[in-house]
K.L.:
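Here's a structure for you.
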Amino acid sequence: MNSPVPTDPVIRLTEVNKHYGNFHALRDVSLEVAKGEKIIICGPSGSGKSTLIRCINRIERHDSGEILVDGHRLTGDTKDVAAIRREVGMVFQSFNLFPHMTILENCTIAPRKSRGLGKAEAEERAMHYLTKVRIPDQAGKYPGQLSGGQQQRVAIARALCMQPRVMLFDEPTSALDPEMVKEVLDTMVELAEEGMTMLCVTHEMGFARQVADRVIFMDRGEKIEEAAPGAFFTNPQSPRAREFLQQVIH
Amino acid sequence: MNALDFSVVVDALPFLWKGLQFSLLLTAVAFVAGLVLGTGLALVQHLQVPVLAQLAKGYVALIRSIPLIMVLFWFFFLVPLIAGWMFNNGRPMPVGGVLTAFLTFSLFEAAYYSEIIRVGLRSVGKGQYEAADALSLSTLQTYRHIILPQVFRVTSPIILSQTIILFQDTSLVYVLSLTDLVGAASKVAQLNGRLVEMYLTVAAVYLVICTSASQLVAVLRKRTRIATNR
């Protein structure tokens, strides 16, 4: 059923569980995200952090528990799934741009097909967001002609063209050469400063300190710790978080 | 043996041209119909549509294990019987050679194209589907705008190679006494007795058309290689 909840919180997860065969990927994870909040999710690999955000727009389906996004309850109902996906933008580790389309086409396909925008309007919007991520001059090129950092900025612009209420970032800088990480993080910082609601899986602790309202630490499918970045980085409560931070920061 | 006299070929050119037109038309129709049907056969298998996927798999396996000439024969002799038994109180309903040729080649090629496209579908990464999902594109939109264009791009050299084979295979319609390029040449040859000249000409025409098409395949291969490298 579609029970509308107050717009605050935008996302609410209640005791979400997810298995891959015998592997328990998410264990009773609960989480509330208010409008405009920036949440950083970190943890060792295999801790379930990517799975968690991929459940929010149903790229992965959860087994039990409840996920509410922008008033829609996430079930098998394809209408609800489509509605949620229109409001939730996602940026992937490996960019996943469409290689056979120009940058402009990458940015206009979903607004045109899914939001029903006209060609001119969609292109105008695409140019607006491409200008925002500082690559309007690349609009006519193909993804393969761009650097990794440029491709990821296009991916951010492509997601923004749907004018989502929430943005999910799944390790957006992990596949980039070190010298390109900054340009992508700068774009994300700008987005954060404009008030976008963001959930970001990342190991970039400097970025986390700079933008996060809350840091969530996960391990073995469980949410272990949830704290303001200052508290989390200077005084982690759990031994596992302490151990993790030592490895990441050095 | 007499010296070769190619003046007979010049006289026969209009007739040969008509034959070639039929060969080309048959190739074109079988290409389009086969590609559409083959894409459907590949998609139901790729999407694992219940029942349809198994039927498609069985159909492709069956067609690919029978020589084309047998399929032509069976279609020509069996379908009138089956159609008659179904719609005409058991009296055979002749299908005719031309219709048999168009239907058989389309259905036959569909099986081969579907295998090419099925492999092409597997070459598109999971991330493309995830990105399309995340952008709220429907399954239909995802395949139409994102997946299939990439599949056709990657498989175009193989599809064109298969189509060259198809063009050569159309010569088999002589068993239905149709006038394709080979059929036209053999009919003329039977009249004037100039078998060698006629068949040499036909071979030359096939050679020119097929080598030109092969050149195109090479160009396409190069282009797709660049596309995947970048």
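Here is how names work: the chains are called A, B, and so on, in the same order as the sequence lines, proteins then strands, and each is numbered from 1.
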K.L.:
Flag yes if more than 12 heavy atoms outside B:Gln21 fall under 6.0 Å of its CD atom; otherwise flag no.
P.N.:
yes
K.L.:
Please rank A:Ala83, A:Cys161, A:Ala110, A:Ser94 by heavy-atom pairs under 4.5 Å with chain B and give me the top one.
P.N.:
A:Ala110
K.L.:
Side chain, backbone, both or neither: which part of B:Gln141 has an atom under 4.5 Å from a heavy atom of chain A?
P.N.:
side chain
K.L.:
Among residues two or more places apart or on two chains, list those pairs meeting salt bridge (charged side-chain N to carboxylate O under 4.0 Å, His left out) that have a residue in residues 127-144 of chain A.
P.N.:
A:Lys132-A:Glu194, A:Arg134-A:Glu190
K.L.:
Minimum heavy-atom separation for B:Asp133 and A:Ile59, please, with both atom names.
P.N.:
CB-CD1, 3.7 Å
K.L.:
Chain B: which of A:Arg58, A:Arg86, A:Arg115 shares the most heavy-atom pairs with it under 4.5 Å?
P.N.:
A:Arg86
K.L.:
Is it the case that atom CD in B:Gln48 sees more than 12 heavy atoms from other parts of the structure closer than 6.0 Å?
P.N.:
no
K.L.:
Can you tell me how far the CE atom of A:Met101 sits from the CD atom of B:Gln150, to the nearest 0.5 Å?
P.N.:
8.0 Å
K.L.:
Just wondering, do A:Met162 and B:Leu135 contact through their side chains at under 4.5 Å, heavy atoms?
P.N.:
yes
K.L.:
What are the two closest non-hydrogen atoms of A:Ala82 and B:Ser136, and how far apart are they?
P.N.:
O-OG, 2.9 Å
K.L.:
Do A:Arg54 and B:Glu130 have side-chain heavy atoms sitting under 4.5 Å apart?
P.N.:
yes
K.L.:
Could you tell me whether a side-chain N or O of A:Asn96 sits under 3.5 Å from a main-chain N or O of B:Ala131, the two making a donor and an acceptor?
P.N.:
no
K.L.:
When rounded to the nearest 0.5 angstrom, what is the spacing between CD in A:Glu105 and NE2 in B:His145?
P.N.:
11.5 Å
K.L.:
Kindly give the heavy-atom pair with the smallest separation between B:Gln128 and A:Phe98, and that separation in Å.
P.N.:
OE1-CD2, 3.1 Å
K.L.:
I need the residue from A:Ile84, A:Val91, A:Leu97 with the largest number of non-hydrogen atom pairs under 4.5 Å to chain B.
P.N.:
A:Leu97
K.L.:
Please classify the contact of A:Leu168 with chain B as side chain, backbone, both or neither, using a heavy-atom distance under 4.5 Å.
P.N.:
neither
K.L.:
Is there a side-chain contact between A:Arg85 and B:Leu137 in this structure, where contact means two heavy atoms from C-beta onward sitting under 4.5 Å apart?
P.N.:
no
K.L.:
Can you name the nearest heavy-atom pair linking B:Ala134 to A:Asn57, along with the distance?
P.N.:
CB-ND2, 3.8 Å
K.L.:
So does B:Tyr206 have more than 12 non-hydrogen atoms from other groups sitting under 6.0 Å from OH?
P.N.:
yes
K.L.:
Please rank A:Ala155, A:Ser114, A:Pro164, A:Ala159 by heavy-atom pairs under 4.5 Å with chain B and give me the top one.
P.N.:
A:Ser114
K.L.:
Do any of residues 30-46 of chain B come closer than 4.5 Å to chain A, heavy atom to heavy atom, and if so which ones, in number order?
P.N.:
none
